[in-house]
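Residue numbers start from 1 in every chain, and the chains themselves are labelled A, B, ... in the order their sequence lines are given, proteins ahead of strands. All heavy atoms count here, side chains included; hydrogens, waters and symmetry mates do not.
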Amino acid sequence: MSTPTHNGYMLIFRGTDWYKGLSAEEMQQVGDKWMAWFKGLMASGKAVAGNPLEREGKIVGKNRVVSDGPFAESKETIGGYFLLKVNTMDAALTIAKDCPGLPYGIRVEVRPVAGECPLVEQLRNEAELAQA
Amino acid sequence: MNSKNQYLLLFTGNEWWNQLSQAEIQEVIDQSKEWYGKLAAAGKVKASQALAREGATISGKNARVFSDGPFAESKEALGGYLLLEAASLDEAIAIAKGSPSLRHGTTIDVRPLSDDCPLDFRARQLGCQGRMVEQLATA
């Protein structure tokens with residue numbers, strides 16, 4: 001997990017129900033803090049992209065069946081993401097800990113971006129095993 | 001940040017490729033390359049990355065770190081994303097339906113990017129409701 005990577009990290013913000021109990025002023029405050037946080041990260045080059053997602057969407061599953069979702073208010077639903085250009089998990093975690101939504105119940109998933117497609121990696125592993 | 005006509009495809013699944021033979025994996029890779037290649041050539045792809053199957057989750061006031069994460073082989077986890085440029089949600093769904101990963105059990109969430117922070121939107125809604133109440137009261 002602490003292996004340095006040049007591919008960066010993705011912060012995934014989970015939870016779309018956490019701000020329902022807040023007043024307009026509180027929401028404005030958290031929103032302002034969040035924007036300042038993101039702009040600071042962009043300005044320093046630590047973040048290279050980020051976006052909130054619309055609440056509605058669709059899910060395509062097995063047999064190409066399309067269903068509604070995600071459901072409007074949920075702890076699991078992804079509400080947005082940042083892409084970070086930092087080289088270690090520790091640096092990504094340090095940034096994630098500053099998320100202004102944490103005190104309100106949002107969860108931040110921190111994931112290293114993979115260098116290659118996992119299918120290609122699996123194929124190479126199997127080929128290596130076959131040779132061994 | 002202009003996010004008009006941008007859709008994020010989120011690929012969720014377990015590591016189904018562990019169950020496939022080399023030939024089967026090669027087949028999915030070839031099909032995926034063809035699918036992705038056509039999208040890229042048509043200018044539909046803005047960005048695309050796979051995520052490593054490890055990581056951590058942070059939550060709570062004290063920013064506690066849970067590093068075991070939901071990334072065990074058998075569990076469903078976000079495996080990667082593809083940022084699309086598409087004319088409509090319907091086009092984005094049609095594109096998602098072409099993904100070769102679907103028949104192996106991957107689920108694809110199709111989510112429009114937002115221009116607006118949902119907090120701003122909600123604050124505006126509440127502010128607006130407040131004004132409407134005021135207006136009704138003074139009418």
Side-chain angles (χ1 to χ4, degrees), chain A residues 1 5 7 10 12 14 16 19-20 22-25 27-28 30-31 34-35 49 51-64 66 69-70 78-81 83 89 93 96-97 99 102-103 105-120 122-123 126-127 130, chain B residues 1 3 6-8 10 15 17-18 20-22 25-26 28-29 32 47 49-61 63 65 67 69-71 78-81 89 92-93 96-97 99 102-103 105 107-114 116-120 122-127 130:
Chain A
M1 204 173 88
T5 166
N7 304 310
M10 192 175 204
I12 300 150
R14 289 196 186 262
T16 51
Y19 48 81
K20 298 294 179 189
L22 303 185
S23 69
E25 291 74 27
M27 240 175 275
Q28 196 65 59
V30 182
W34 199 302
M35 272 320 284
N51 257 299
L53 304 179
E54 296 282 1
R55 288 296 166 259
E56 87 274 22
K58 296 280 182 183
I59 300 169
V60 184
K62 205 158 191 178
N63 300 324
R64 299 185 165 76
V66 180
I78 297 172
Y81 69 95
L83 277 175
M89 188 62 167
L93 287 174
K97 284 177 181 174
C99 172
L102 284 172
I106 208 164
R107 292 188 301 126
V108 188
E109 194 174 309
V110 185
R111 300 282 300 277
V113 172
E116 65 181 352
C117 166
L119 286 171
V120 175
Q122 173 75 9
L123 200 60
E126 285 190 14
Chain B
M1 203 180 330
S3 54
Q6 289 187 41
Y7 297 84
L8 194 64
L10 297 165
E15 293 193 282
W17 49 87
N18 288 329
L20 302 185
S21 70
Q22 268 179 278
I25 292 176
Q26 190 61 58
V28 185
I29 290 174
S32 299
Q49 284 178 315
L51 301 180
R53 215 164 169 88
E54 58 192 34
T57 298
I58 298 177
S59 67
K61 278 195 177 78
V65 179
S67 45
F71 318 114
L78 183 63
Y81 74 91
L89 181 60
I93 291 168
K97 280 181 170 179
S99 169
L102 285 171
R103 86 178 64 103
T107 301
I108 306 175
D109 276 46
V110 185
R111 302 281 302 275
L113 290 197
S114 175
D116 237 355
C117 168
L119 284 173
D120 287 345
R122 177 100 179 131
R124 259 206 320 275
Q125 259 186 341
L126 288 176

Is any side-chain heavy atom of B/Leu113 closer than 4.5 Å to one of A/Leu53? yes

Please state whether the side chain, the backbone, both or neither of [X] comes within less than 4.5 Å of a heavy atom of chain A.
X	answer
B/Leu20	backbone
B/Ile58	both
B/Tyr81	side chain
B/Leu89	side chain

Heavy-atom cut-off 4.5 Å, strictly under: side chain, backbone, both or neither for [X] against chain B?
X	result
A/Ala127	both
A/Ile78	both
A/Leu119	both
A/Val108	both

Heavy-atom pairs under 4.5 Å with chain B - which of [options] has more of them than the others?
options	result
A/Cys117, A/Ala96, A/Gly61	A/Gly61
A/Arg14, A/Arg64, A/Glu56	A/Arg64
A/Ile59, A/Val110, A/Ile12, A/Val60	A/Val60

Closest non-hydrogen atom pair between [X] and [Y], with its separation:
X	Y	answer
A/Leu22	A/Met27	O-CE, 3.1 Å
A/Leu102	B/Ser59	CD2-CA, 3.7 Å
A/Gly57	B/Pro112	CA-CD, 4.2 Å
B/Glu54	A/Pro112	O-CD, 3.2 Å

I'd like to know which of [options] tops the heavy-atom pair count under 4.5 Å against chain A.
options	result
B/Ala47, B/Ser32, B/Ala92, B/Ala63	B/Ala63
B/Glu15, B/Gln26, B/Gln49	B/Gln49
B/Val110, B/Thr107, B/Leu51	B/Leu51
B/Ser21, B/Gly60, B/Ala96	B/Gly60
B/Lys97, B/Arg111, B/Arg103	B/Arg111
B/Asp109, B/Leu8, B/Val65	B/Asp109

Rounded distance [0.5 Å steps], [atom1] in [X] versus [atom2] in [Y]:
X	Y	atom1	atom2	result
A/Asn63	B/Leu102	CG	CG	9.0 Å
B/Asn18	B/Ile25	CG	CD1	7.5 Å
A/Trp34	A/Ile106	CH2	CD1	3.5 Å

Among residues at least two apart in sequence or on other chains, which ones pass side chain to side chain donor-acceptor pair (under 3.5 Å) with A/Glu126? A/Gln122

